[in-house]
Each structure stands twice: as C-alpha cells, then as structure tokens.
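Computed over heavy atoms, backbone and side chain alike; hydrogens, waters and symmetry mates excluded. Lettering follows sequence order; numbering is per chain, from 1.
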Number of protein chains: 2
Amino acid sequence: MTISTRKERQKEELRGKILHAAKELFMQKGFEDTSIRNIAEKIEYSPTTIYLYFKDKDDIFCELHREGFALLNQYFRPLAHVSDPYERLKAINKAYITFAMENGELYDLMFIINAPMKSIKKDESDWEEGSRAFAFLVNTIQECISKGYFSGMQPEVLAFTVWSMVHGIASLEIRNRCSVVESLNEKDLARKASDLVNEILDRMHRE
Amino acid sequence: MTISTRKERQKEELRGKILHAAKELFMQKGFEDTSIRNIAEKIEYSPTTIYLYFKDKDDIFCELHREGFALLNQYFRPLAHVSDPYERLKAINKAYITFAMENGELYDLMFIINAPMKSIKKDESDWEEGSRAFAFLVNTIQECISKGYFSGMQPEVLAFTVWSMVHGIASLEIRNRCSVVESLNEKDLARKASDLVNEILDRMHRE
DNA sequence: ATAATTTACTTAACGGTGTAAAGTTAAGGA
DNA sequence: TCCTTAACTTTACACCGTTAAGTAAATTAT
C-alpha cells in the first residue's frame, strides 16, 4: 500500500511541477507565447509527458484558471469582516484592482485570454472558486439593496455592471490601451479610475 | 503616365483585397487563428506576396486597427448634434456598446487583442482616428463639467473611467465571461449593464 | 529591335508550434 | 520466470510566421 501511495504522490508531484512551470512561463511570456516544449524543457521532461498529465494546453489553462480564482478569493477573504455592505462593496472594488495589478498575467489568463470557456463548465466543481467570488459580490450588493442603496436595481445585473467597471479598468491597463491618456502617468491611471468608480457610487447616495 | 497610374491603382487594389480578406477572416476566426496562409489562399495569391504589401502580420493588424477607429467615429458622428453634453455622454455610452456588439471581432482587435501597441504610435497619423474618438469623449465630459456635472473631477481621468465601464461590459461579453450570471440571457446582459451605467450616472445628479 | 533592368510574384526552406502514434524501459504481480 | 502495466521518449504530422532565392513578364534604355 505504501508503495502505491508513494507512486501516486510522485505523480502528483510531477503534475504540480508542470503547473508550477507553466504558471511561471505564462506570467513571464504570456499564454500564447509559451509552448508545451518550453514547459517540458523547464521541468526536464519530454514534451509529450505533459500529455500524460493534461489533456492539452487548454487543460493546463483550466487548472491555473481555478487557482487564479482561489487566489482572488484570498484577496476577498479579509473583506468578509467589513460589516457595512456598502463599505465592503467599495473594498471589493479596491481589492479587485489590487489583485489585477499584482497578478497581471494571471488576471489576463482568468478574464481576458481567448480560451475555451466551454471547457470550464460552471456547474462543475472546477468552477467552485469562481462561483464563490461572484457570489460574494452579489450577496454584498444584495445586502446594500436591503439597506436602501441602489433601490430598484436587479442585484445580479448590478453585480455584473460593477464587475464590468473594474474589469474595464484592469483590462485596459493590462492590454496597454492606456497610452491614449497622454497627460497622466499610466500606472496611476488604473488606481485613480477605480477610486473614481467608488466616488461615482458614493455620489449616487448623497443628496 | 496613365500606364503607371494604372499599375499603382492595381497595386492599391491588391492591397485592398488583402485587407478585405484579412478582415473577413479575423471576424470569422479571430486574429490568432487566422494565418497569413489563410489570407493568401482566400485571395488566390502565394503567402509571400502579402509580405510585399505588409511588413508582417502586425502591420495588417495596424491598418485594420485604424479602420476600426474610423468606423467607431461613424457611430459617434450623429451624436455631435446632441446639444446637451450630458445626454450626449449617455448616447456615447450606448453607441459604444452598439458598436462593440455589432462588430465583435473588430472590437476585439481594437481593444482586447495582445498585439504590439508599441507599433501604434499615438503621435503618428495612423492614430488620428483613435485620437479623435477619445477627444470626443473628453470634450463632452469637459462640457458636462462646465455645466455643473461631475464637479471637481479631472476630465481625462473621468473619460478614462467612463470608457473603462463600457469597455468592461463589451470585453466580458466578447470574451465570454458572462456565463457566470446564470439567471439572465447573455445577449441582454451587456445592454442591461450599459443602461445601468447610464442610470448610475443619472442618480449621481438627482437629489 | 534588342538588351538590360525592374516589377510582381512564386517556390522552397528554416525553425517554430500543438499533438498523436508507436516504441522503450523498468517495475510489479502471477 | 513470464506477463502486464506504468512512465516516459522518439518520431512524426500538419500547421505556423517569415526569409532567401528564383522566375517570368513588362518596361526602359540603347
């Protein structure tokens, strides 16, 4: 029994090494510019070995996609203790942008890359972390609404809209479309824009 | 003279055919999944002929990028006649989403794709159309501010933020990240979200 | 009119890609 | 000891972007 568990552990280890190498290369060079051969070389195995552990390149993508959402949830976790839902919502926005800026390539992989979303079935356990992250936002907004904020708006549509706002900022920054705004330092722009989103939400509720 | 102008015209025609074929294929299969060979086959020339007209694949990208902004400006043009700047701003938001939904792949190419932004130098004439589009937004917001809206906000930062909001919606839709919102028809979601952005702006100014 | 040059294009090739099939080697169980 | 299975590699296919060299026709020069 111990011998087969050792084998299994070793398999799991190699699987982990592949993921680790893949993640590092994706972060460094991006998804498209990283080849299976690159990953294989990094872990000192033949390229085809990787296919014994993952169906294809997209399969590796899916796993890192899942890990990405787990990390995002780590950014969100402390915010669960913010009792005021409206303050929590604004904190979520800030945390989201921070996550995106600190993990640009991972963010790219999670939210921008053109990869087969069909292979990520939201009803499967793979999607648990992603589902949790979105639910956290929807619940927070739901609480806001029951406290009188955003009256008459549909929680899910609003959640998607708020998400869109911060995603817009993050993705323009990551895909380098900020250079049109000539007068400003690019790195500050995302931060300033996300602060502005929060200020816009604030002004909605002041009379 | 007539003979050399005919030659030049023919060269221009072939250049146009390459762009046309490339655009159609990009729309159909996306940028990454379209090869120079595909384009060549479509116009019934050898792949290398394309290199006589364009430096590389990115060069074709740049030209279509420019055409894309010209088309976006066509969506914006009628809005110049909306005299109230605040109404114009909301109309810009709507028009932007309409443009994105009606020209998904072109939008992708303009705002999402990972292509060498460095080769698009904003100080060159290539960028004229892009510059015009962003200036239209900034000017509209500038007018809003002088009419008392968005008091104390920086026009360019706000322009970028508003742009981010609608871009976020468009890009999540185009890159298929909307499926997390289970309860709603996906096609409606972008429309609903952009309406909500306008409503949020509206509520900012009601007491 | 003929020779030289230029233009417009093609063929062939290089080094890369994702991935599948077949082959190899070593360990485990009967 | 024989056989099966697991883990991995070699080889190969069909694609990719791009370059260098070659070709055939049209234009220009002598």
Side-chain angles (χ1 to χ4, degrees), chain A residues 1-23 25-26 28-65 109 113-116 118-119, chain B residues 1-23 25-26 28-65 109 113-116 118-119:
Chain A
M1 210 48 126
T2 53
I3 191 157
S4 75
T5 56
R6 192 213 67 208
K7 286 231 153 191
E8 215 157 302
R9 197 184 59 236
Q10 280 181 339
K11 274 207 82 166
E12 209 51 51
E13 265 171 30
L14 184 46
R15 197 187 131 91
K17 273 177 79 168
I18 293 169
L19 282 173
H20 184 78
K23 188 171 177 180
L25 288 170
F26 290 165
Q28 219 175 86
K29 319 200 295 172
F31 180 76
E32 294 289 351
D33 290 343
T34 299
S35 69
I36 296 284
R37 284 169 173 83
N38 295 154
I39 300 167
E41 196 179 14
K42 185 146 194 165
I43 59 170
E44 295 170 301
Y45 281 81
S46 85
T48 47
T49 298
I50 289 168
Y51 288 89
L52 301 171
Y53 292 83
F54 297 94
K55 194 183 147 290
D56 52 24
K57 204 182 168 187
D58 289 331
D59 198 17
I60 301 176
F61 162 83
C62 285
E63 185 55 35
L64 292 178
H65 192 268
L109 187 133
I113 268 179
N114 234 339
K118 54 186 179 300
S119 66
Chain B
M1 213 47 130
T2 52
I3 192 159
S4 74
T5 55
R6 191 213 68 210
K7 285 233 153 188
E8 215 157 303
R9 198 184 60 237
Q10 280 181 340
K11 275 208 82 168
E12 209 50 51
E13 266 173 29
L14 184 46
R15 197 187 131 91
K17 274 178 79 169
I18 292 169
L19 281 172
H20 184 78
K23 187 171 176 180
L25 287 170
F26 291 163
Q28 218 175 88
K29 320 199 294 173
F31 180 75
E32 293 289 351
D33 290 342
T34 299
S35 68
I36 297 283
R37 284 168 171 82
N38 295 154
I39 300 168
E41 196 180 13
K42 185 145 195 167
I43 59 170
E44 295 171 301
Y45 281 81
S46 85
T48 48
T49 297
I50 290 169
Y51 287 89
L52 302 172
Y53 292 83
F54 296 94
K55 193 183 148 291
D56 51 26
K57 204 183 170 187
D58 289 331
D59 198 16
I60 301 176
F61 162 83
C62 284
E63 186 54 35
L64 293 178
H65 191 267
L109 187 133
I113 268 180
N114 234 339
K118 55 188 179 296
S119 66

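Residue S35(B) has its side chain nearest to dG17(D) when only dT18(D), dG17(D), dG18(C) are considered. For L14(B), the listed nucleotide lying nearest its side chain is dC9(C); candidates were dC9(C), dC8(D), dC16(D).
Under the side chain to side chain donor-acceptor pair (under 3.5 Å) criterion, D56(B) pairs with no residue, sequence neighbours left out. Taking the salt bridge (charged side-chain N to carboxylate O under 4.0 Å, His left out) definition, one finds that K42(B) meets it with E24(B), sequence neighbours left out.
You'll find the side chain of D58(A) reaches within 4.5 Å of the side chain of F31(A), heavy atoms only.
The distance from atom CZ of F54(B) to atom C1' of dT19(D) is 19 Å, rounded to the nearest whole Å. The CD1-C1' distance, from I39(B) to dG17(D), rounds to 11 Å in whole Å. Computed from coordinates, the D58(A) CG to dT19(C) P distance equals 7 Å when rounded to whole Å. One can place CD of E41(B) at 10 Å from P of dC15(D), the figure rounded to the nearest angstrom. One atom, NZ of K17(B), and another, P of dA8(C), lie 15 Å apart when rounded to the nearest Å. With rounding to whole Å, R15(B) atom CZ is found 14 Å from dA8(C) atom P. As a whole-Å value, the separation of I43(A) CD1 from dC8(D) P is 9 Å. Put simply, CG on D59(A) is 12 Å from P on dA20(C), counting in whole angstrom units.
Both D33(A) and K55(A) lie close to DNA chain C; mapped to their nearest nucleotides by heavy-atom distance, the more 5′-ward contact belongs to D33(A).
Across every non-hydrogen atom of H65(B) and L109(B), the tightest pair is N-CD2, 3.7 Å. Here the closest heavy-atom approach between residue I36(A) and residue P47(A) is recorded as CG2-O, 3.7 Å. The shortest non-hydrogen separation linking K17(B) to I43(B) is O-CG2, 3.7 Å.
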Show me the protein contacts with nucleotides 10-13 of chain C, counting only N or O atoms at under 3.5 Å.
{"unit_1": "dT10(C)", "atom_1": "OP2", "unit_2": "S46(B)", "atom_2": "N", "d": "2.8"}
{"unit_1": "dT10(C)", "atom_1": "OP2", "unit_2": "S46(B)", "atom_2": "OG", "d": "2.9"}
{"unit_1": "dT10(C)", "atom_1": "OP2", "unit_2": "T49(B)", "atom_2": "OG1", "d": "2.4"}
{"unit_1": "dT11(C)", "atom_1": "O4", "unit_2": "T48(B)", "atom_2": "OG1", "d": "3.2"}

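Across all strands, Y53(B) comes closer than 4.0 Å only to sugar-phosphate atoms, never to a base (heavy-atom distances).
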Enumerate donor-acceptor pairs with a distance under 3.5 Å from any side-chain N or O in residues 48-55 of chain B to protein atoms, sequence neighbours excluded.
{"unit_1": "T48(B)", "atom_1": "OG1", "unit_2": "S46(B)", "atom_2": "OG", "d": "3.1"}
{"unit_1": "T49(B)", "atom_1": "OG1", "unit_2": "S46(B)", "atom_2": "O", "d": "3.4"}
{"unit_1": "T49(B)", "atom_1": "OG1", "unit_2": "S46(B)", "atom_2": "OG", "d": "3.3"}

*Determine, step by step, whether R15(B) and E12(B) satisfy the side chain to side chain contact (heavy atoms under 4.5 Å, CB included) criterion, reporting the C-alpha distance in whole Å, the side-chain angles of both residues, the deciding distance to 0.1 Å, and the verdict.*
CA-CA 5 Å; R15(B) 197 187 131 91; E12(B) 209 50 51; 3.5 Å; yes
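Between the two ends of the helix from dA1(C)-dT30(D) to dA30(C)-dT1(D), each summarised by a five-pair axis, the helix axis turns through 30° (rounded to 10 degrees).
For the salt bridge (charged side-chain N to carboxylate O under 4.0 Å, His left out) condition, no pair includes a residue of residues 30-39 of chain B, sequence neighbours left out.
Distances shorter than 4.0 Å separate none of the side-chain N or O atoms of N38(A) from OP1 or OP2 on dG16(C). The phosphate of dA20(D) has neither OP1 nor OP2 within less than 4.0 Å of any side-chain N or O from Y51(B).
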